[in-house]
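Since the structure comes first, as C-alpha cells, the remarks are kept for the end.
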Amino acid sequence: MSLSTTDRTTVTRHRERARTERADLHAVLDAGLVAHVGLVRDGAPVVIPTGYGRIDDTVYVHGSTGAGWLRIADGTPVCLTVTHLDGIVYARSVFNHSMNYRSAVVLGPARPVTDQDEHLAALRAIVEQLSPGSWEHAREPDRRELAATAVFALDLTEASVKIRTGPPADDEADVDAGGRWAGVLPVHTVFGTPEPCPTLQADAQVPTHVTDRRSPATNGTPVG
C-alpha cells in the first residue's frame, strides 16, 4: 500500500530519496528505539525524545501523567520523527559531504488513549519496541502504574519517508582532479554485554530475550 502524499509530506529536495510504500514507513519505525515528538506548547515549539511503539497504522507514545508536554488536548497537532544514521559520506568537496540515513516523519492530531484495552495494548507495544520479550518476562503494570501513565496515539495517514544510500555525489571536476579521498564511513549502534543489576541474586541468569540481542561474533548486534 502506498503512502498518501500531502502538501506537507511531499519531499521537495532530492525527491529521488523519497519512498512511497507504506512498508518502508513501517520498516523505519520498527527499526527505531527513540522518536522525537514536536508540538507547540504555550506558544513555543517543543521537541521531546521518547520511546514509542507501533500497532498496524498507529504509533503510540507514553509518559507520566505529570509530564507537561503530555497534557495536550484531543486533536493537538504533533509531528513525530524517527531517524537512523547509517553512514557519514565523505566527498571530495565539503559541499557534497552528506549522510546515509533512513528517516520517517509523521504528522497529525494527537489522540489521548482512554480505552483501557487500547491503553494496555499500546504500553505493551512500546515496551516490546524497546525491549522485545520483556512484557512476558517482567511484571505487568498494576492499576496505580496504569493510572500514572498517559498514552497518546498518532495515526500514520500523513507521513513521509526519505532514505539516502551509496557513495558521495561528487562534481565531475573534483573526481578528475584526484588527490582527495572519498567514500562512506558506516555508522552502527550495537548492543553490548548485559550488565546485571547489583541487587540480583548471584546465580541469576540473563534471559534469552536479552542475550539474543547481542552477537558475540561481532561484539554486538546492530540496531536498525
Show the nearest heavy-atom pair for residues [X] and [Y], with the distance to one decimal.
{"X": "Ala104", "Y": "Leu25", "value": "CB-CD1, 3.7 Å"}
{"X": "Gly53", "Y": "Ile126", "value": "N-CG1, 3.6 Å"}
{"X": "Tyr52", "Y": "Val28", "value": "OH-O, 4.3 Å"}
{"X": "Gly51", "Y": "Val61", "value": "O-CG1, 3.9 Å"}
{"X": "Asp170", "Y": "Ala182", "value": "OD2-CB, 3.8 Å"}
{"X": "Ala125", "Y": "Ile55", "value": "CB-CG1, 3.7 Å"}

Next item on the list: Could you go through the side-chain contact (heavy atoms from CB on, under 4.5 Å) check for Arg102 and Thr83 one step at a time?
Entry: CA-CA 6 Å; Arg102 291 160 289 148; Thr83 304; over 6 Å; no

Which donor-acceptor pairs under 3.5 Å do side chains of residues 145-159 form with protein atoms, sequence neighbours excluded?
{"from": "Glu145", "atom 1": "OE1", "to": "Arg139", "atom 2": "NH1", "distance (Å)": "3.1"}
{"from": "Glu145", "atom 1": "OE1", "to": "Asp142", "atom 2": "N", "distance (Å)": "2.9"}
{"from": "Glu145", "atom 1": "OE2", "to": "Arg139", "atom 2": "NH2", "distance (Å)": "2.9"}
{"from": "Thr149", "atom 1": "OG1", "to": "Glu145", "atom 2": "O", "distance (Å)": "2.8"}
{"from": "Asp155", "atom 1": "OD2", "to": "Thr157", "atom 2": "N", "distance (Å)": "2.7"}
{"from": "Asp155", "atom 1": "OD2", "to": "Thr157", "atom 2": "OG1", "distance (Å)": "2.1"}
{"from": "Glu158", "atom 1": "OE1", "to": "Arg8", "atom 2": "NH2", "distance (Å)": "2.8"}
{"from": "Glu158", "atom 1": "OE2", "to": "Thr6", "atom 2": "OG1", "distance (Å)": "2.7"}
{"from": "Glu158", "atom 1": "OE2", "to": "Arg8", "atom 2": "NE", "distance (Å)": "3.1"}

Atom [atom1] in [X], atom [atom2] in [Y]: separation rounded to 0.5 Å?
{"X": "Leu39", "Y": "Ile48", "atom1": "CG", "atom2": "CD1", "value": "7.5 Å"}
{"X": "Ser103", "Y": "Arg19", "atom1": "OG", "atom2": "CZ", "value": "10.0 Å"}
{"X": "Ser131", "Y": "Leu33", "atom1": "OG", "atom2": "CG", "value": "9.5 Å"}
{"X": "Thr81", "Y": "Leu29", "atom1": "OG1", "atom2": "CG", "value": "10.0 Å"}

Margin query: Does Asp56, at its CG atom, have more than 12 non-hydrogen atoms belonging to other residues, nucleotides or ligands within less than 6.0 Å?
Written below: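 At most 12 heavy atoms, drawn from other residues, nucleotides or ligands, come within 6.0 Å of this atom.
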
Residue pairs, two or more places apart or on separate chains, that pass salt bridge (charged side-chain N to carboxylate O under 4.0 Å, His left out) and touch [range]:
{"range": "residues 25-38", "result": "Asp30-Arg54"}
{"range": "residues 114-136", "result": "Arg111-Glu118, Arg124-Glu136"}
{"range": "residues 178-201", "result": "none"}

Next item on the list: For Asp57, check salt bridge (charged side-chain N to carboxylate O under 4.0 Å, His left out) against everything at least two apart and list the hits.
Entry: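 Listed in chain order: Arg22.
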
Apply side-chain contact (heavy atoms from CB on, under 4.5 Å) to [X] and list each qualifying residue two or more places apart in sequence or on a separate chain.
{"X": "Asp174", "result": "Arg92, Ser93, Asp171"}
{"X": "Val184", "result": "Val89, Asn100"}
{"X": "Ala27", "result": "none"}

Compare all side-chain heavy atoms of [X] with those of [Y] and state whether any distance is below 4.5 angstrom.
{"X": "Pro168", "Y": "Asn96", "result": "no"}
{"X": "Ser98", "Y": "Arg164", "result": "yes"}
{"X": "Arg213", "Y": "Pro194", "result": "no"}

Side-chain atoms of residues 196-208: list all donor-acceptor pairs with protein atoms under 3.5 Å, sequence neighbours left out, distances to 0.1 Å.
{"from": "Gln205", "atom 1": "NE2", "to": "Asp203", "atom 2": "O", "distance (Å)": "3.4"}

Check: How would you list, by chain and number, every residue that makes a ring-ring contact (aromatic ring centres under 6.0 Å, His included) with His36, sequence neighbours excluded?
Finding: none

Item checked: Listed partners of Thr165 passing side-chain hydrogen bond (donor to acceptor under 3.5 Å, both in side chains), at least two apart ->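 With neighbours one apart ignored, the set is empty.
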
Notebook entry, point to check: In the hydrophobic cluster built from side-chain contacts under 4.5 Å, what are the other members alongside Met99?
Noted result: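 Other cluster members: Leu85, Ile88, Tyr90, Tyr101, Trp181, Leu185, Val187.
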
Next item on the list: Look at the side-chain heavy atoms of Ile, Leu, Val, Met, Phe, Trp and Tyr, link any pair under 4.5 Å apart, and say whether Val161 and Leu80 land in one connected group.
Entry: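 Yes.
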
Notebook entry, point to check: Same cluster for Val59 and Val105 if Ile/Leu/Val/Met/Phe/Trp/Tyr side chains link at under 4.5 Å?
Noted result: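 Looking at the clustering, Val105 is in a separate group from Val59.
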
